[in-house]
Amino acid sequence: MVLALERWLKWADLGLMKTENIPDPSIDRFQEKLEEICR
């Protein structure tokens, strides 16, 4: 799951994921979940 979250966030950052229909708080939640898992 960690790899999937990392990859999605990286691709979103690079503009390779369609995120215009995804609100910013959702992207923040992906980041928060990744940080939670990695603790």
Side-chain angles (χ1 to χ4, degrees):
M1 181 186 253
V2 171
L3 183 58
L5 287 169
E6 287 176 336
R7 187 154 300 180
W8 192 93
L9 288 165
K10 179 181 178 180
W11 289 347
D13 232 15
L14 293 172
L16 300 173
M17 299 292 285
K18 286 184 128 185
T19 58
E20 58 268 356
N21 293 329
I22 300 173
D24 287 341
S26 295
I27 295 170
D28 292 341
R29 292 199 56 180
F30 273 71
Q31 184 65 44
E32 289 169 6
K33 189 63 174 175
L34 177 61
E35 291 169 6
E36 178 184 310
I37 292 170
C38 291
R39 285 185 205 156

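These numbers come from a predicted model, not from an experiment. Numbers here simply count residues along the sequence, with the first being 1.
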Any chance you could measure [X], atom [atom1], to [Y], atom [atom2], to the nearest 0.5 Å?
X     : Y     : atom1 : atom2 : value
Asp28 : Lys33 : CG    : NZ    : 15.0 Å
Arg29 : Glu36 : CZ    : CD    : 9.5 Å
Arg39 : Leu34 : CZ    : CG    : 10.5 Å

| Any link between Leu16 and Leu3 through a network of hydrophobic side chains (Ile, Leu, Val, Met, Phe, Trp, Tyr) touching at under 4.5 Å? | no

Quick check: is Met1 connected to Phe30 through a chain of hydrophobic side chains (ILVMFWY, heavy atoms under 4.5 Å apart)? yes

**Prompt:** Do the side chains of Ile27 and Trp8 get nearer than 4.5 Å, heavy atoms only?
**Reply:** yes

